[in-house]
Chemist: 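Input: one structure, supplied below.
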There are 2 protein chains.
Amino acid sequence: MLDTYKKYFRFLVKYRGMFVLFVLMLTVLGVINAINPYFYKLFVEALPEKNYQTILNILILYVGVNLLETGIDVIVYLLGDAVILRAARDVRERVFKKIQDLDFAYHMTNSSGSLISVLKRGDLAYFGMFHELNGLYRILVHLILMLVMFGAINGQIAWLMGASFVISAIASKYLLAYNLTTRKAFNKQEDNVSAVIVDNLINYETVKYFGKEVKEQRRLSKAFVLWIKTLWGFANSFRLIDIVIGLISAAGLWVVLHRTFTLYMSDVIQFSDFILILGFVTSF
Amino acid sequence: MLDTYKKYFRFLVKYRGMFVLFVLMLTVLGVINAINPYFYKLFVEALPEKNYQTILNILILYVGVNLLETGIDVIVYLLGDAVILRAARDVRERVFKKIQDLDFAYHMTNSSGSLISVLKRGDLAYFGMFHELNGLYRILVHLILMLVMFGAINGQIAWLMGASFVISAIASKYLLAYNLTTRKAFNKQEDNVSAVIVDNLINYETVKYFGKEVKEQRRLSKAFVLWIKTLWGFANSFRLIDIVIGLISAAGLWVVLHRTFTLYMSDVIQFSDFILILGFVTSF
């Protein structure tokens, strides 16, 4: 797994300056995204006083932050594209070169169809990894900001929230390992289906000449039996993630909000803090 | 465009019962998702009175709805998979049959490489369309529920919100048409790159025999020049969507919240209504 990330970053390192700038702007975007629930607190505090100017200022700030978010979002994507588009090309060229350097023996024992399927998947995986890692990074920024804000209100709530995240993270580790196993099983069948289709395209004239179209279609249908079965296994591994993480999140939600509630009832925290915490746990 | 949707639904119709059930559950999920901001209103109303039992009940309801959401989410995906996995297989088998039925002439004028690239893209597009349409449907459910709730508070706010959505929708129509144009240009280059790679795989022995590896790599690099250029065009068309829709949304946000604010100042709407509306426009 670590090796995969190292290979992944090796292609990004070539565009280092751009990549660092990208991560910087992504951090800013993460913070702006995460700050939204803070406006609940501001509004809850300002509204009862009915001071026209104060509320109007918060409103202008809120819409201003929203506009800023759009602007930074565009910049983040532009910077990200500047890195990933070139890196994706580099990956494909490297793989192509690797294939050129392989000897005959390797090529002979693998059908062109499954090789092509593997190549295509490699492309998608690289783009996918870029988006997933960026998504994870934004969650991390969000989490840190949330813990800092909760900590400022009450240490206990921050600890409870943190603990619920650690438990989720540990569960995720095992769930993702299982998800990867089912994915590998599916990939094998996907390559098999691709092999049938590509073989047919390559040997198209022969199939036509001997009138074997129906036989070829039956061959494909047969390949699809295991394809569907393993695809179900892969899809259901996501359902397992949904269920386990969903239950852990609900338990975390209950513990954090119930604690917030009792702290509010004993006047340790304010009304506006309750709404701020609610805003954060809802937005996450 | 309409023709594409007709073709898309033709493959789903085969699993009609399951598909109807899926849409039904998706609607329920959309409503439960959308109802979240309503809890802000409940909390804002209940908290100042400090009635232990009332607040606890809202808290239990809130976590209960969260759990229900997880459960229905899993069911929606199971039903969706039951339809889409089979439909995707059917699509691929149909395309395969179509290729078998084509005559020699067609096959001879198209390289196997670009045909394979087209096939692969077709697979992904079908899955993609399924998720996009479901996403759009959920937004629609969210929008309707929001307009109903806003309407219950104040008709003006509902109309302003609705108008901002209509303007976004009209802009989206033109933006998506442009997005499609840039995508088509990119697809052509993607097929071209695939053709170079697949040709090389198929004629591998010849390339090796004559020692033309470097020439092949140069051929690929050349194909990548237009590939990167059209991919930038495609990527930037998304940035254009972000900017235009972002500006329209910010304008809508300002108009709706400013109106809510003035209505609150003149005591037409309650404090809790302000927070409910804020919750909705933030969650959207």
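Convention: sequence-line order gives letters A, B, ...; per-chain numbering from 1.
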Chemist: Report the C-alpha distance between B:Tyr62 and A:Thr282 in whole Å, list the side-chain angles of each, state the deciding distance to 0.1 Å, and finish with yes or no for side-chain hydrogen bond (donor to acceptor under 3.5 Å, both in side chains).
Modeler: CA-CA 10 Å; B:Tyr62 182 70; A:Thr282 307; 2.8 Å; yes
Chemist: State, to 0.1 Å, how close B:Asn51 and A:Met265 come at their nearest heavy-atom pair, and which atoms those are.
Modeler: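 The pair with the smallest heavy-atom distance is C-CE, 4.4 Å.
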Chemist: Out of B:Leu67, B:Ile275, B:Val74, which one racks up the most heavy-atom pairs below 4.5 Å with chain A?
Modeler: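 Of the options given, most contacts go to B:Val74.
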Chemist: Does A:Arg92 come within less than 4.0 Å of B:Glu190, counting only side-chain N to carboxylate O?
Modeler: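 Salt bridge flag = yes for B:Glu190 with A:Arg92.
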Chemist: Please name the pair of heavy atoms, one in A:Phe261 and one in B:Leu56, separated by the smallest distance, quoted to 0.1 Å.
Modeler: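 That would be CE2-CD1, 3.9 Å.
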Chemist: To the closest 0.5 Å, what do you measure between CD1 (A:Ile55) and OG1 (B:Thr262)?
Modeler: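 These two atoms lie 11.0 Å from each other.
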Chemist: If you look only at pairs with a residue in residues 71-89 of chain A, which of them pass as a side chain to side chain donor-acceptor pair (under 3.5 Å), with sequence neighbours excluded?
Modeler: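 Every pair satisfying side chain to side chain donor-acceptor pair (under 3.5 Å) with a residue in residues 71-89 of chain A: A:Asp81-B:Arg239.
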Chemist: Highest number of heavy-atom pairs under 4.5 Å with chain B: which of A:Ile60, A:Leu257, A:Asn236, A:Ile245?
Modeler: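 Most pairs with chain B among the choices: A:Leu257.
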Chemist: Which distance, rounded to the nearest 0.5 Å, do you find between the CD1 of A:Ile75 and the CG of B:Asp242?
Modeler: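 So the CD1 of A:Ile75 and the CG of B:Asp242 are separated by 12.0 Å.
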Chemist: Rounded at 0.5 Å granularity, tell me how far CD in B:Glu93 sits from CD1 in A:Ile197.
Modeler: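 It is 9.0 Å, given to the nearest 0.5 Å.
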Chemist: Could you give the distance from CD1 (A:Ile243) to OG1 (B:Thr70), rounded to the nearest 0.5 Å?
Modeler: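 Answer rounded to 0.5 Å: 9.0 Å.
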Chemist: Considering only heavy atoms and a distance below 4.5 Å, find which of B:Ala235, B:Ala88, B:Gly71, B:Ser221 pairs most often with chain A.
Modeler: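 Among the listed options, the one with the most contacts to chain A is B:Ser221.
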Chemist: Which of the residues A:Val63, A:Asn36, A:Leu85, A:Leu253 is involved in the greatest number of heavy-atom pairs with chain B at under 4.5 angstrom?
Modeler: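 Result: the option with the highest number of such pairs is A:Leu85.
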Chemist: With only heavy atoms counted, which part of B:Asn66 is less than 4.5 Å from chain A, the side chain, the backbone, both or neither?
Modeler: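 Only the side chain of B:Asn66 comes within 4.5 Å of chain A.
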Chemist: Which atoms of B:Phe238 come close to chain A, meaning under 4.5 Å heavy atom to heavy atom: side chain ones, backbone ones, both, or neither?
Modeler: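 Looking at B:Phe238, nothing touches chain A.
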Chemist: So which part of B:Val214 gets closer than 4.5 Å to some heavy atom of chain A, the side chain, the backbone, both or neither?
Modeler: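 For B:Val214, no heavy atom lies under 4.5 Å from chain A.
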Chemist: If you draw the axis of the six-membered ring of A:Phe271, does the NZ or CZ of B:Lys50 fall within 45° of it and under 6.0 Å from the ring centre?
Modeler: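 Because its charged atom misses either the 6.0 Å distance or the 45° angle limit, B:Lys50 does not stack over A:Phe271.
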Chemist: Is a side-chain donor or acceptor of A:Tyr264 paired with a backbone partner of B:Leu47 at a separation under 3.5 angstrom?
Modeler: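 Answer holds: yes.
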Chemist: Between B:Leu78 and A:Trp232, which heavy-atom pair has the shortest distance, and what is it?
Modeler: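 The pair with the smallest heavy-atom distance is O-CH2, 3.7 Å.
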Chemist: Which bit of B:Ala82 comes within less than 4.5 Å of chain A, counting heavy atoms only: side chain, backbone, both or neither?
Modeler: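 The answer is both parts of B:Ala82.
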